[in-house]
> 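I'd like to ask you about the structure that follows.
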Amino acid sequence: MDNVIIFCRVSTKVQDYQRQVNDLTTFAHQRNWEVEKVFCETVSGAASKNKRTELLAMLEYLSKNKIKRVLVTELSRLGRDTLQVLEVINELNQRGVSLYIQNYNIETLTEEGKVNAMSQFLITILAEVAKMERQSIRERMESGYINHINSGGTVGRKPGYRKADTLYLIDYAEEIRLMKKGISLRNVSKLTGTAVNTLRKCKALIN
C-alpha cells in the first residue's frame with residue numbers, strides 16, 4: 001500500500017478546505033492508498049514560500065518520512081507563482097515523491113520514480129497560465145488605484161504608523177523557528193528569502 005500525503009490550500013478564512021480533504025481522502029481510499037498525514041493552510045497562493053508554514057512543514061515531513069506521493073485537487077492549491085510551484089515540484093522529485101493533481105489526473109513521477117516529462121511540460125504551462133491570470137488581476141487593481149488617485153482619493157499608511165512588534169513575531173514565525181535552532185541569519189535568509197535586516201529585527205525581538 002502506498003503512503004500518501006494530502007495538501008490543501010485556501011486563500012481566505014471565509015473559504016473551507018474540508019471539501020478538498022474529503023475529495024482527496026475518498027480518491028486515495030479508492031486506490032488503496034494510505035493517507036498518512038494532511039496539511040492544510042489558509043494563505044494566498046502567491047505568498048512567498050517563507051510565509052507558507054504548512055508547505056514548509058510538509059517538505060520537512062517528507063525529508064524525514066518515506067512517502068510515495070502528495071495529492072492536491074488542482075495545481076493552484078500548491079501555489080500560483082510559477083517559479084515557486086516548479087521549485088516545490090523539483091524538491092519533491094529529488095526526494096522521489098510524486099505530485100498527483102486530481103483534476104488533470106497527472107503525476108510528476110512514473111511508478112519507477114522517473115520524471116514524467118509530459119506532466120512536467122503540462123505543469124509548467126498550467127502554472128504559467130495561473131500566473132498570467134494573476135497578472136491580469138493585478139493590472140486591473142492598479143488601474144483602479146490610479147483612477148482613485150486621479151479622483152482625489154488618498155492612499156498609504158497613516159502618519160506615524162509603525163508595524164507592531166507582535167506582527168513581526170506572527171509574520172516571520174518560520175524564520176524565528178529556524179533562528180532558534182541556531183541557523184545563521186544568512187542561511188535563514190537563503191532558505192526563506194527574507195532580508196537579513198528583517199531577520200535582525202526579529203532576532204532582537206526574541207532576545
Side-chain angles (χ1 to χ4, degrees), residues 1-12 15-138 174 191-193:
M1 181 180 291
D2 294 343
N3 290 342
V4 302
I5 278 177
I6 288 175
F7 184 82
C8 304
R9 182 191 65 79
V10 292
S11 299
T12 65
Q15 295 174 302
D16 184 12
Y17 43 65
Q18 193 56 51
R19 190 173 75 171
Q20 294 178 48
V21 175
N22 294 341
D23 287 350
L24 291 172
T25 299
T26 299
F27 179 80
H29 289 166
Q30 289 172 347
R31 282 153 182 76
N32 200 32
W33 295 345
E34 179 69 25
V35 178
E36 185 164 315
K37 201 167 180 64
V38 176
F39 292 90
C40 299
E41 63 181 6
T42 302
V43 65
S44 167
S48 60
K49 191 176 175 182
N50 64 297
K51 303 292 186 186
R52 303 185 60 186
T53 54
E54 284 299 295
L55 176 63
L56 293 171
M58 181 189 73
L59 293 174
E60 183 175 356
Y61 186 87
L62 290 173
S63 69
K64 299 177 181 177
N65 298 273
K66 187 173 180 59
I67 301 296
K68 178 74 173 181
R69 55 177 59 84
V70 171
L71 312 182
V72 294
T73 55
E74 54 186 82
L75 189 61
S76 63
R77 299 308 93 201
L78 194 64
R80 292 188 181 277
D81 180 273
T82 306
L83 292 178
Q84 184 181 123
V85 169
L86 296 179
E87 178 187 349
V88 172
I89 291 175
N90 185 53
E91 288 188 48
L92 296 179
N93 289 347
Q94 291 177 352
R95 292 184 171 96
V97 179
S98 182
L99 175 70
Y100 180 86
I101 306 168
Q102 185 185 27
N103 67 329
Y104 287 107
N105 191 30
I106 57 176
E107 285 198 63
T108 54
L109 299 181
T110 65
E111 282 298 324
E112 294 74 31
K114 295 182 179 180
V115 174
N116 183 334
M118 181 55 70
S119 72
Q120 290 289 96
F121 174 70
L122 289 174
I123 285 168
T124 302
I125 293 176
L126 293 171
E128 190 60 36
V129 168
K131 180 180 179 181
M132 290 170 63
E133 289 176 348
R134 184 169 181 81
Q135 179 63 30
S136 177
I137 293 172
R138 183 181 295 112
E174 178 62 20
L191 288 169
T192 63

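Being a predicted model, the structure only gives us computed values, none of them experimental.
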> Where do Val21 and Ile6 come nearest, in terms of heavy atoms and distance?
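Closest pair (atom of Val21, atom of Ile6, distance): O-CD1, 4.1 Å.
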> Would Gln20 and Arg9 count as a side chain to side chain donor-acceptor pair (under 3.5 Å) here? Give the steps.
CA-CA 8 Å; Gln20 294 178 48; Arg9 182 191 65 79; over 6 Å; no
> Test: ring-ring contact (aromatic ring centres under 6.0 Å, His included). Region: residues 66-88. Which pairs qualify, not counting sequence neighbours?
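Output for this query is empty, none listed.
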> How far apart are the C-alpha atoms of Val72 and Leu99, what are their side-chain angles, what is the distance that settles it, and do they pass the side-chain contact (heavy atoms from CB on, under 4.5 Å) test?
CA-CA 8 Å; Val72 294; Leu99 175 70; 4.0 Å; yes
> Tell me, please, which residues at least two apart from Lys64 pass salt bridge (charged side-chain N to carboxylate O under 4.0 Å, His left out).
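Testing Lys64 for salt bridge (charged side-chain N to carboxylate O under 4.0 Å, His left out), a comparison that skips the adjacent residues, returns Glu60.
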> Got Asp16 and Val10 here, is their nearest side-chain heavy-atom distance under 4.5 Å?
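Heavy-atom side-chain distance check fails, nothing below 4.5 Å.
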> Rounded to the nearest 0.5 Å, what separation is found between the CD1 atom of Ile5 and the CD1 atom of Ile67?
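Rounded to the nearest 0.5 Å, the CD1-CD1 separation comes out at 4.5 Å.
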> Under the rule for side chain to side chain contact (heavy atoms under 4.5 Å, CB included), what residues qualify as partners of Gln102, not counting sequence neighbours?
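Side chain to side chain contact (heavy atoms under 4.5 Å, CB included) check on Gln102 returns Asp23, Leu24, Phe27, Thr73, Tyr100.
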> Give, for atom CG of Leu56 and atom NZ of Lys51, the distance between the pair rounded to the nearest 0.5 Å.
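With rounding to 0.5 Å, CG (Leu56) is 11.5 Å from NZ (Lys51).
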> Tell me, please, which residues at least two apart from Asn65 pass side-chain hydrogen bond (donor to acceptor under 3.5 Å, both in side chains).
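Asn65 satisfies side-chain hydrogen bond (donor to acceptor under 3.5 Å, both in side chains) with no residue once adjacent residues are dropped.
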> Once side-chain hydrogen bond (donor to acceptor under 3.5 Å, both in side chains) is applied, do any residues pair with Lys66, and if so which ones, sequence neighbours excluded?
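Partners of Lys66 under the side-chain hydrogen bond (donor to acceptor under 3.5 Å, both in side chains) test: none.
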> Can you run down the ring-ring contact (aromatic ring centres under 6.0 Å, His included) pairs that involve residues 65-94, sequence neighbours left out, and say none if there aren't any?
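Those involving residues 65-94 do not exist here.
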> With sequence neighbours excluded, what pairs up with Gln94 under the side-chain hydrogen bond (donor to acceptor under 3.5 Å, both in side chains) test?
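None.
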> Just wondering, are more than 12 heavy atoms of other shown residues or ligands nearer than 6.0 Å to CZ in Arg31?
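Atom CZ in Arg31 is crowded, with more than 12 foreign heavy atoms closer than 6.0 Å.
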> Is there side-chain contact between His29 and Thr26, with at least one heavy-atom pair below 4.5 Å?
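Side-chain contact under 4.5 Å: no.
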> Taking the side chain as C-beta and beyond, is there a heavy-atom pair between Val70 and Val4 under 4.5 Å?
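Answer no - side chains too far apart.
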> Filter on salt bridge (charged side-chain N to carboxylate O under 4.0 Å, His left out), then keep only pairs touching residues 84-103, sequence neighbours left out; what's left?
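Qualifying pairs, neighbours excluded: Lys49-Glu87, Lys49-Glu91, Glu91-Arg95.
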> Taking all non-hydrogen atoms of both residues into account, name the closest pair between Asn103 and Glu74 and its distance.
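Answer, listing the atom of Asn103 first, then Glu74: OD1-CA, 3.4 Å.
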> Ignoring hydrogens and angles, state whether a donor on the side chain of Glu36 or Asn3 is under 3.5 Å from an acceptor on the partner side chain.
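Yes - a donor-acceptor pair under 3.5 Å links their side chains.
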> Could you tell me the separation between the OG atom of Ser98 and the NZ atom of Lys114, rounded to the nearest 0.5 Å?
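It comes to 14.5 Å.
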> First locate atom CZ of Arg77, then atom CD1 of Ile101, and finally report the distance between them rounded to the nearest 0.5 Å.
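With rounding to 0.5 Å, CZ (Arg77) is 12.0 Å from CD1 (Ile101).
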> Can you tell me how far the CD atom of Glu54 sits from the SG atom of Cys8, to the nearest 0.5 Å?
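Answer for the CD-SG pair, Glu54 versus Cys8, is 10.5 Å.
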> Would you list the pairs meeting ring-ring contact (aromatic ring centres under 6.0 Å, His included) in which at least one residue belongs to residues 36-82, sequence neighbours left out?
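Matches after skipping sequence neighbours: Phe39-Tyr61.
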> Atom CE of residue position Met1 - does it have more than 12 heavy atoms of other residues, nucleotides or ligands inside 6.0 Å?
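More than 12 within 6.0 Å, yes.
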> Return the set of residues passing salt bridge (charged side-chain N to carboxylate O under 4.0 Å, His left out) with Arg69 (not counting sequence neighbours), or none when no residue passes.
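Only Asp2, Glu107, Glu111 meet the salt bridge (charged side-chain N to carboxylate O under 4.0 Å, His left out) criterion with Arg69.
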> Who are the side-chain hydrogen bond (donor to acceptor under 3.5 Å, both in side chains) partners of Thr53, not counting sequence neighbours?
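None.
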> Once side chain to side chain contact (heavy atoms under 4.5 Å, CB included) is applied, do any residues pair with Val115, and if so which ones, sequence neighbours excluded?
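In terms of side chain to side chain contact (heavy atoms under 4.5 Å, CB included), with neighbours along the sequence ignored, Val115 is linked to Asn93, Leu109, Gln120.
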> Side chains of Ile89 and Leu78: closer than 4.5 Å at any heavy-atom pair?
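Yes, at least one pair of side-chain atoms sits under 4.5 Å.
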